[in-house]
Amino acid sequence: MSTIASLTASPPIADRRAEPSTAVAVRAVSKAYPGVEALREVSLDCPAGRLTTLLGPSGCGKTTLLKIIAGLIKADAGTVEVLGRTVCGPGPERAFVFQDFALLPWANVVRNVAFGLELRDVPKSEREAVAAHYIAEVGLKGFETKYPHELSGGMRQRVGLARALAVKADVLLMDEPFSAVDEQTRRKFQEDLLRLVAQERKTFLFVTHSIEEAVYLSDRIVLLSRRPGRIWKVIEPDLPRTLSPDQIRREPVYLDTVEAIWQNLRQYVE
Ligand SMILES: Nc1ncnc2c1ncn2[C@@H]1O[C@H](COP(=O)(O)OP(=O)(O)OP(=O)(O)O)[C@@H](O)[C@H]1O
Ligand SMILES: [Mg+2]
């Protein structure tokens, strides 16, 4: 059993039955851009309420796959089902946290976090209350009236995450959300994300370049090969989540999994 699950209270039996075991099902998805084959027959499952990571060399199609799942671009072949429904375009049950933040530069933190709700015509007082909740959840209390240019890269990522959480999407698609931050900030953010995964019971699909990050955060790691991206291996680290983060990073299962993935990926390093 996943160790993250052990941090959460068991849902009532009726809920458990209603919850699909697979939140995102990608089946034989292929995608080419003019002159570039990005993805070839990719199939993967993301278990509901868990964090799945896509890990692979630069240019192997991770962002492309996330955008296909988000419904922002179309696959050439194959299908994606999210919560049992075939994806034909963007939908309210999915939220995307972009690689490059994609915040509104003219809006402060509250407005940025509440923006998805504004688009859905949620009344101002209600959306500001929801925004305040998630701003606190991602550790940005006190920065509500700041604008994106007044924030660090890590803080902007947190705004993006809070915005995705605020629209109450069930599936969060996160493209390298910690890439632009220093190691200390990254570790703090990782802790916060694990807490959110446990608390919010949402399905996270997360892209990273960091093997350590993937192993530390994930219930399931999907390794992609070099372009055209294909599924290379699926790994499910079973980390003792009751231990402290520092202890986990010294555990043999953590160290062995990091090493095994590195041995798989090193062939792609020129
Ligand atoms: N809009 C586009 N038009 C043409 N080619 C594209 C487009 N988007 C991506 N590509 C190409 O498709 C391939 C996969 O790109 P993608 O951004 O999905 O890779 P990635 O795995 O996310 O890379 P990185 O790890 O560097 O973010 C790359 O060769 C890229 O140049
Ligand atoms: Mg990318």
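The structure displayed is predicted, hence computed values, not measured ones. Counting convention: from 1, in listed order, for ligands and their atoms alike. Any value given below was found using the heavy atoms of this structure, including those in side chains, with hydrogens, waters and symmetry copies removed.
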Problem - Residue selection (non-hydrogen contact nearest atom 23 (O) of ligand 1) among G56, P34, G59, A38 - result: G59

Handout entry: the Mg ion (ligand 2) contact by S58, N, O or S atom under 2.8 Å
Key = no

Exercise for the section: List the steps, then state whether side chain to side chain contact (heavy atoms under 4.5 Å, CB included) holds for L65 with L44. Expected result: CA-CA 11 Å; L65 182 57; L44 64 93; 3.8 Å; yes

Which of the numbered atoms in ligand 1 are below 4.0 angstrom from a heavy atom of [X]?
{"X": "E176", "value": "25 (O), 27 (O)"}
{"X": "R227", "value": "13 (C), 28 (C), 29 (O)"}
{"X": "H209", "value": "25 (O)"}
{"X": "G61", "value": "14 (C), 16 (P), 18 (O), 19 (O), 20 (P), 21 (O)"}
{"X": "V36", "value": "12 (O), 29 (O)"}

Exercise for the section: May I ask you to check if R195 and F189 form a cation-pi contact, with NZ or CZ under 6.0 angstrom from the six-membered ring centre and within 45° of the axis? Expected result: no

Practice task
Please say whether C60 places an N or O atom under 3.5 Å from an N or O atom belonging to ligand 1.
Solution key: yes

Practice task
Give a yes or no on this: more than 12 heavy atoms of other residues, nucleotides or ligands lie within 6.0 Å of atom CD of Q263.
Solution key: yes

Problem - Atom CZ of R120: over 12 foreign heavy atoms under 6.0 Å - result: yes

Handout entry: Residues E191 and Y216: side-chain donor-acceptor under 3.5 angstrom
Key = yes

Problem - Contact check, side chains of E200 and E137, non-hydrogen atoms, under 4.5 Å - result: yes

Completion exercise
Note: T64, heavy atoms under 4.0 Å from ligand 1, region reported as both

Problem - Within-shell test, K67 vs ligand 1, heavy atom, strictly < 4.0 Å - result: no

Handout entry: Evaluation steps, salt bridge (Lys or Arg N to Asp or Glu O under 4.0 Å), between D76 and R40
Key = CA-CA 10 Å; D76 299 332; R40 187 184 293 176; over 6 Å; no

